[in-house]
Chemist: 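The structure under discussion is supplied below as structure tokens; questions concerning it will follow.
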Amino acid sequence: MSFSHPPRTLPFYRRRSLSSTHLNTAANSPPSMSPESTPFHLRHILVAALFFFVVSLSCILLFRDAGYSHFVTAYSFPRFLTVFPSPSNNSAAARNEYPLEKILKEAAMEDKTVILTTLNEAWAAPNSVIDLFLESFRIGVHTRRLLNHLIIIALDQKAFLRCQAIHTYCFLLVSEGDDFHEEAYFMTPRYLKMMWRRIDFLRLVLEMGYNFVFTDADIMWFRDPFPRFHHDADFQIACDHFTGNFDDIYNRPNGGFNFVKSNNRSIEFYKFWFSSQETYPGYHDQDVLNFIKVDPFIDYIELKMKFLDTAYFGGLCEPSKDLNQVCTMHANCCYGMGSKIHDLRIMLQDWRHYLTLPPSLKRLSVVSWRVPQKCSLDSLEPNGSAERSADED
């Protein structure tokens, strides 16, 4: 409502106060006002001012109750995938300095391939999982250069700040109401939400036109894996158990390591995978993958799926036996952060020892893994289920 024009009653009072007698007097003599007329004029001025105040107040209240509430409703802020938190406790808050597109572009290889991992506060502590992960790249065979293409996706502010201190490419992935900073215990609601958030984010990366290698941070990179990937596959994934056949749907895939090419088939597959959580409620992404890998929809979209040999892409479930061939080793089939970190350190020690051997002894394969230890499969008993965490994967 505009207040540029006064209410219609105000000119009426002005016309009566400015009579012809007053005008003539004003033209012939200095302004004067008799004592008898003073209360009359003051009364009308006060009435006009009071009327204007009442009208203005009514309009303000009307605007607040109707117009303003409509404005807030119509232009309320949506819930974004990435959240830039406000500073608190007089400390600098974690913020994404660059949009995801810029980070992907800078980190990508010539064929638009990036390496992605996720990180929360529990795995980001000094001398914890993320440090062992990065160390494996530094001491691996032809793996140090791959750090230039690694993007760490932080799931909370502390993980993001730690990432910025130790790595070049970091991205904060936080949604309103989510809190993934603590260790996510296996199959709890927080664990499931974190796993499905990962699937949805990877779908977004594909839609932006980037291929990716996704790797859990509890996977040690000992050799460049790209020569071992299948060139004709849209989606290829590591296994907890490998049957010996790359195309066998009865392989047991592990969602902690996969290489995916960006195309219509892979994008549709990730959409299908993510939506299938409604078909199989209460299951995590890896179980759902086991269900849908035989679904007719996979054949319909003509997705080329391959399973990776544990001889090259091993884990504690099924270790890679030959250190001359191993590319990655996953601390899967392991419950508890302490157990996982212990066995990851043993893996790195075994690898360093292998690197010191002369070529002749390397060829004899005289060195084997000393793991699992703390992650011994004997510990995977039902009575320990209360302590199972995301570390199992």
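All values derive from a computational prediction rather than experimental measurement. One-based numbering along the sequence shown.
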Chemist: Once ring pair (Phe, Tyr, Trp, His ring centres under 6.0 Å) is applied, do any residues pair with Phe307, and if so which ones, sequence neighbours excluded?
Modeler: none
Chemist: Counting the benzene-type ring for Trp, do Phe313 and Phe257 have ring centres under 6.0 Å apart?
Modeler: yes
Chemist: Taking side-chain hydrogen bond (donor to acceptor under 3.5 Å, both in side chains) as the test, write out the residues that go with Ser275, two or more places apart.
Modeler: none
Chemist: Could you go through Cys375 and Cys334, starting from their C-alpha distance and side-chain angles, then the distance that decides it, and tell me whether this counts as disulfide (SG to SG under 2.5 Å)?
Modeler: CA-CA 5 Å; Cys375 294; Cys334 185; 1.9 Å; yes
Chemist: Please name all residues satisfying side-chain contact (heavy atoms from CB on, under 4.5 Å) with Thr117, sequence neighbours left out, ordered by chain then number.
Modeler: Phe133, Leu150, Ile152, Thr215, Ala217
Chemist: Mind jotting down which residue pairs meet the side-chain hydrogen bond (donor to acceptor under 3.5 Å, both in side chains) criterion with at least one end in residues 100-112? Sequence neighbours excluded, please.
Modeler: Glu101-Tyr210, Lys102-Glu106, Asp111-Thr113
Chemist: Judged by modelled atom types alone, do Asn120 and Asp156 share a side-chain donor-acceptor pair under 3.5 Å?
Modeler: no
Chemist: Looking at Phe274, is its backbone amide N or carbonyl O close enough to the side chain of Gln277 to form a donor-acceptor pair, meaning the two atoms are under 3.5 Å apart?
Modeler: yes
Chemist: Just by modelled atom types, is the Trp221 backbone N or O under 3.5 Å from a matching donor or acceptor in the Ser136 side chain?
Modeler: yes
Chemist: Within a 6.0 Å radius of atom CG on Asn148, are there more than 12 heavy atoms belonging to other residues, nucleotides or ligands?
Modeler: yes
Chemist: Would you check if Asn127 and Arg345 make a side-chain contact, meaning some heavy-atom pair closer than 4.5 Å?
Modeler: yes
Chemist: Which salt bridge (Lys or Arg N to Asp or Glu O under 4.0 Å) pairs, counting each pair once, include a residue from residues 301-319, with sequence neighbours left out?
Modeler: Asp247-Lys306
Chemist: Would you mind writing out the side-chain donor-acceptor pairs for residues 223-231 within the sub-3.5 Å range, not counting sequence neighbours?
Modeler:
unit_1, atom_1, unit_2, atom_2, d
Arg223, NH1, Leu323, O, 2.7
Arg223, NH1, Val326, O, 2.9
Arg223, NH2, Leu323, O, 3.0
Arg223, NH2, Asn324, O, 3.3
Arg223, NH2, Tyr354, OH, 3.1
Asp224, OD1, Phe226, N, 3.0
Asp224, OD2, Arg145, NH2, 2.6
Arg228, NH1, Tyr312, OH, 3.3
Arg228, NH2, Gln325, OE1, 2.8

Chemist: I'd like to check Phe160 versus Asn96 (side-chain heavy atoms, cut-off strictly below 4.5 Å). Are they in contact?
Modeler: yes
Chemist: Please name all residues satisfying ring pair (Phe, Tyr, Trp, His ring centres under 6.0 Å) with Phe272, sequence neighbours left out, ordered by chain then number.
Modeler: Phe297
Chemist: Verify whether one side chain among Asn245 and Asn251 offers a donor that lies under 3.5 Å from an acceptor in the other.
Modeler: no
Chemist: Does the Asn332 side chain pair with the main chain of Leu316, one donor and one acceptor, at a distance under 3.5 Å?
Modeler: yes
Chemist: Group every Ile, Leu, Val, Met, Phe, Trp and Tyr by side-chain heavy-atom contacts under 4.5 Å, then state whether Ile199 and Leu204 land in the same group.
Modeler: yes
Chemist: Taking ring pair (Phe, Tyr, Trp, His ring centres under 6.0 Å) as the definition, give me every residue that meets it alongside Tyr250, ordered by chain and number, with sequence neighbours left out.
Modeler: none
Chemist: Among all residues two or more places apart in sequence or in another chain, which pass the ring pair (Phe, Tyr, Trp, His ring centres under 6.0 Å) test with His353?
Modeler: none
Chemist: Quick check on the 6.0 Å ring-centre criterion: do Trp273 and Tyr280 meet it?
Modeler: no
Chemist: Heavy-atom count check: over 12 atoms from other residues, nucleotides or ligands less than 6.0 Å from Tyr98 OH?
Modeler: no
Chemist: Which residues satisfy the salt bridge (Lys or Arg N to Asp or Glu O under 4.0 Å) test with Arg252, sequence neighbours excluded?
Modeler: none
Chemist: Kindly determine whether Asp234 and Asn263 satisfy side chain to side chain contact (heavy atoms under 4.5 Å, CB included), including the steps that lead there.
Modeler: CA-CA 8 Å; Asp234 301 312; Asn263 54 44; 3.0 Å; yes
Chemist: Could you list the residues that satisfy side-chain hydrogen bond (donor to acceptor under 3.5 Å, both in side chains) with Asp131, not counting sequence neighbours?
Modeler: Arg162
Chemist: Who passes salt bridge (Lys or Arg N to Asp or Glu O under 4.0 Å) against Asp350, sequence neighbours left out?
Modeler: Arg370
Chemist: Looking at Asn258 and Gln236, would you say the former's side chain and the latter's main chain have a donor-acceptor pair under 3.5 Å?
Modeler: no
